[in-house]
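Here's the structure we're looking at; comments come further down.
Starting from 1, each residue takes its place in the sequence as its number. Any value given below was found using the heavy atoms of this structure, including those in side chains, with hydrogens, waters and symmetry copies removed. Numbering of ligands and ligand atoms starts at 1, following listing order.
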Amino acid sequence: MEENISNEIDFDKIDIKSEPPTEEPFRQYFYMAKCREWVKDFKQRNGRLPKSFVLNMGCQMNARDSEKLTGILSNIGYEITDGEDEADFVILNTCTVRDNANQKVYGRLGELNGCRRRNPHMKIALCGCMMQEPSVIERLKKSYSFVNLIFGTHNIFKFAELLYMTLDAKGMVIDIWEDTDKIVEELPVERKYSFKSGVNIMFGCNNFCSYCIVPYVRGRERSRKPEDILREVRRLVDDGVVEIMLLGQNVNSYGKTLEQPISFAELLREAEKVEGLKRIRFMTSHPKDLSDDLIKVMKESKKICRHLHLPLQSGSTRILNQMNRRYSKEQYLELAGRIRREIPDIAITTDIIVGFPGETKEDLEETLDVVKKVKFDNAFTFIYSKRTGTPAAAMEDQIPEEEVKERFDRLLKLVQETARGQVAKYQGSVMEALIEEVNANDDTMVTGRLSNNTLVHLPGNASMVGKVVQVSLDECHGFYYMGHPI
Ligand code: SAH
Ligand code: SF4
Ligand code: F3S
C-alpha cells in the first residue's frame with residue numbers, strides 16, 4: 001500500500017556513480033538507489049531478499065514516522081516482517097515521555113542481543129525521541145555497543161543515507177541533530193492500514209509544560225504548509241483512504257508561524273472539501289488555544305468526528321500553574337461545558353497526571369471534581385514521571401510512590417465509572433462505524449469505530465474492512481459495544 005510518490009521515483013534514471021545531490025529529497029532518492037544495488041547484491045549472495053522489522057514504541061506521531069521508515073525500506077527492496085526473529089535489519093522507534101517507555105527500550109535491546117547471536121546478518125538501529133537525550137546516547141555507547149545505527153527525530157528524513165552508511169560499516173553510526181527548521185516533503189510512506197492514515201500538520205512543541213520532555217526531544221514548533229498537507233490528503237484519498245487523523249502536539253496553534261498564517265479551523269474547512277474523504281480526526285488539542293471558530297467548524301462539519309481529546313492534566317488551578325498549562329480549573333470546565341452544549345453528541349477524552357511535585361490530597365479532590373463534572377468519555381491516567389532537564393524534575397516535594405499509587409487508583413476508579421456511563425448512553429441506537437479489522441480470535445466478527453471513537457464488534461467478514469456501515473448498538477460492555485449491521 002504505497003502512496004503515489006514512492007511509485008513516481010524512477011530509480012533506474014538515477015546515476016549512482018555520480019556525486020550525491022545536495023538538495024533534498026533528491027539526495028535521499030540517490031541513497032535509496034544505492035541501497036537498492038546493495039539489496040540486489042544481498043539477494044545474489046543469499047538467495048533471498050533481506051528482511052526488516054520496524055517497531056513503533058511511541059505515540060501517533062512516532063507511528064507515522066515508522067510508516068515513513070517502512071516506506072523507505074520497502075522502496076529499497078527489503079521485505080517487511082512483523083517480528084524481529086528473522087529480521088536482518090531491526091529499527092526501534094523509541095519514546096521517552098515517561099521513564100517506563102525508556103525501560104522498555106533497554107529490555108528490548110537485551111532481547112535483540114540474543115536474536116543477533118542467532119542471526120549474524122542482523123543490524124540494529126535506534127531512532128525516535130529517546131535518542132535526543134545525550135545521557136541515553138552515553139549509556140548506549142557504553143553498554144550497548146552492538147547497536148549499529150542511532151539517529152534522532154530531526155534527521156529522520158535522512159534515513160536512506162544513514163542506512164547506506166551502516167550497511168557495510170563496522171561499529172556504531174551515530175547522527176543526532178539538536179534541532180531543525182527543516183521539513184522535507186515527498187519521501188515514500190507505507191501505511192499500516194489501507195483505509196486510514198495519520199497526516200502530520202506540524203512538528204515539535206513550544207509549550208514547555210513543566211513536566212514534559214517533548215519540546216526538548218521534538219524541537220520547536222513548525223507547521224507544514226496547508227497546500228502540502230492538502231496534497232497529501234488528496235493523494236491518500238486517491239489511494240483508498242477514507243479517514244485521516246491530523247497530527248500535532250498542539251494542533252490548535254497550527255499555522256500561526258507560517259509566512260501566510262492560517263488557523264487550524266481554516267485548515268479543517270479545506271480538508272472537509274476533499275472529495276471522497278469521509279472522516280477527519282485530529283490529535284492533540286491544547287485547551288488554552290481552542291478557538292470558538294474550531295467549535296463552529298466541528299459543529300457544522302459532516303466529516304469531522306464527534307471526538308475531542310482535550311488533555312486536562314490536573315483539575316487544580318494551583319498545580320496547573322506549576323505545570324505551566326496556562327488555563328485554570330474554571331476555564332477548563334467552562335470550555336468543556338461550551339463544547340458539550342454546542343455539540344451534544346461529542347465524546348470528550350483526556351489525559352491526567354497524578355503525583356506531580358507538590359500535589360496534595362486537596363489538589364487530587366479538584367481533579368476528581370473535574371472528572372465528575374465533565375464526565376469524560378475516556379481518560380488516560382498517568383503517574384507523574386520525573387524527566388531529566390524539565391523544570392518539574394528540579395521541583396521540591398517529589399511525592400513518594402506509595403502515596404501516588406493510592407491516588408492513582410482512586411482516580412482510575414472514578415474515570416472508569418464516568419466513562420462507562422458515557423459510553424452506554426447510545427445503547428439501542430444506530431450509528432455509523434468504520435470497519436477496521438476482522439477479529440483476531442473469531443473471523444466471523446469484525447470491529448468498527450464509531451465517530452465518537454467507541455469500538456463496536458459485529459458479525460461480518462474481511463470484505464467489510466475499510467467501509468462505513470450502519471450498526472445497531474445492541475449491548476454495551478463497559479467500553480465497547482456488541483452490535484449488528486443494519
Ligand atoms: N501534546 C500532547 C501530549 C503529548 S504526551 C498534549 O499536550 O496534550 C501525552 C501525555 O503524556 C500527556 O498529555 C501527559 O498526560 C503525559 N505525560 C507527559 N509527560 C509526562 C510525565 N513526565 N509524567 C507522566 N505523564 C506525562
Ligand atoms: Fe508536552 Fe505540553 Fe507540548 Fe503536550 S503541549 S507535548 S504536554 S509540552
Ligand atoms: Fe510521542 Fe513519546 Fe515522542 S509521546 S512525541 S514518541 S516522547
Taking the ring of F151 and the ring of F159, is the distance between their centroids below 6.0 Å? yes
Is ligand 1 under 4.0 Å from a heavy atom in the side chain of Y211, in the backbone, in both, or in neither? both
Could you name the protein residues that come within less than 4.0 Å of ligand 2, counting only heavy atoms, and order them by chain and residue number? C205, N207, F208, C209, Y211, C212, V214, P215, Q249, H286, R325
Is it true that D289 and N250 share a donor-acceptor pair across their side chains at a distance under 3.5 Å? yes
Strictly under 4.0 Å, does any heavy atom of I353 approach an atom of ligand 1? yes
So, regarding Y384 and ligand 1 (criterion: nitrogen or oxygen to nitrogen or oxygen, under 3.5 Å), is there a contact or not? no
To check your reading of the model: name the closest protein heavy atom to atom 9 (C) of ligand 1, its residue, and the distance in Å. D351 OD2, 3.8 Å
Tell me whether R218 reaches ligand 3 (any heavy atom closer than 4.0 angstrom to a ligand atom). yes
Do Y106 and Y144 have ring centres separated by under 6.0 Å? yes
Taking only non-hydrogen atoms of R325, do any sit less than 4.0 angstrom from ligand 1? yes
Quick one: do the N252 and K288 side chains pair a donor with an acceptor below 3.5 Å? no
Which atoms of ligand 3 sit under 4.0 Å from any heavy atom of C95? 2 (Fe), 4 (S), 6 (S), 7 (S)
Under 4.0 Å from one or more heavy atoms of C129, ligand 3 contributes atoms 3 (Fe), 5 (S), 6 (S), 7 (S)
So, does R340 use its side chain to make a donor-acceptor pair with the main chain of V374 at under 3.5 Å? yes
Is C59 close enough to atom 1 (Fe) of ligand 3 that one of its N, O or S atoms comes in under 2.8 Å? yes
Check: Y426 ring centre within less than 6.0 Å of Y481 ring centre: no
Indicate yes or no: does an N/O atom of R98 lie under 3.5 Å from an N/O atom of ligand 1? yes
Would you mind telling me if ligand 1 is within reach of the side chain of I383, the backbone, both or neither, using heavy atoms under 4.0 Å? backbone
Atom 6 (C) of ligand 1: closest protein heavy atom, distance to 0.1 Å, is T284 CG2, 3.8 Å
For residues R325 and Y327, is any side-chain donor paired with an opposing acceptor at under 3.5 Å? yes
Closest candidate by heavy atom, reference atom 1 (N) of ligand 1, pool K288, Q249, R218, R387: Q249
Under a 4.0 angstrom heavy-atom cut-off, which atoms of ligand 3 come close to G58? 6 (S)
Determine whether F203 and R220 make a side-chain contact, defined as any pair of heavy atoms from C-beta on separated by less than 4.5 Å. no
Mind checking whether Q249 has a heavy atom under 4.0 Å from ligand 3? yes
May I ask you to check if ligand 1 and S285 share an N or O to N or O distance below 3.5 Å? no
So which protein heavy atom does atom 5 (S) of ligand 1 come closest to, and at what separation? V97 CG2, 3.9 Å
Distance alone, cut at 3.5 Å: any donor-acceptor contact between the side chains of T349 and H307? yes
What I want to check is whether the side chains of E436 and T447 have a donor and an acceptor closer together than 3.5 Å. no
Y332 ring centre to K329 NZ or CZ under 6.0 Å, with the angle to the axis within 45°? no
Would you say Q313 has any N or O atom under 3.5 Å from an N or O of ligand 1, going by distance alone? yes
Checking E133 against T96: is there a side-chain donor and acceptor pair closer than 3.5 Å? yes
Which atoms of ligand 1 have any heavy atom of P311 under 4.0 Å away? 8 (O)
Going by atom types alone, do T454 and N452 pair a side-chain donor with an acceptor below 3.5 Å? yes
Considering only the protein, which heavy-atom contact is closest to atom 21 (C) of ligand 1, and what is its distance? S385 O, 3.6 Å
Are any of the side-chain heavy atoms of H154 and Q132 separated by less than 4.5 Å? yes
Is the backbone of G152 close enough, under 3.5 Å, to the side chain of N155 for a donor and an acceptor to pair up by distance? yes
Ring centroid separation F408 to F382 under 6.0 Å: no
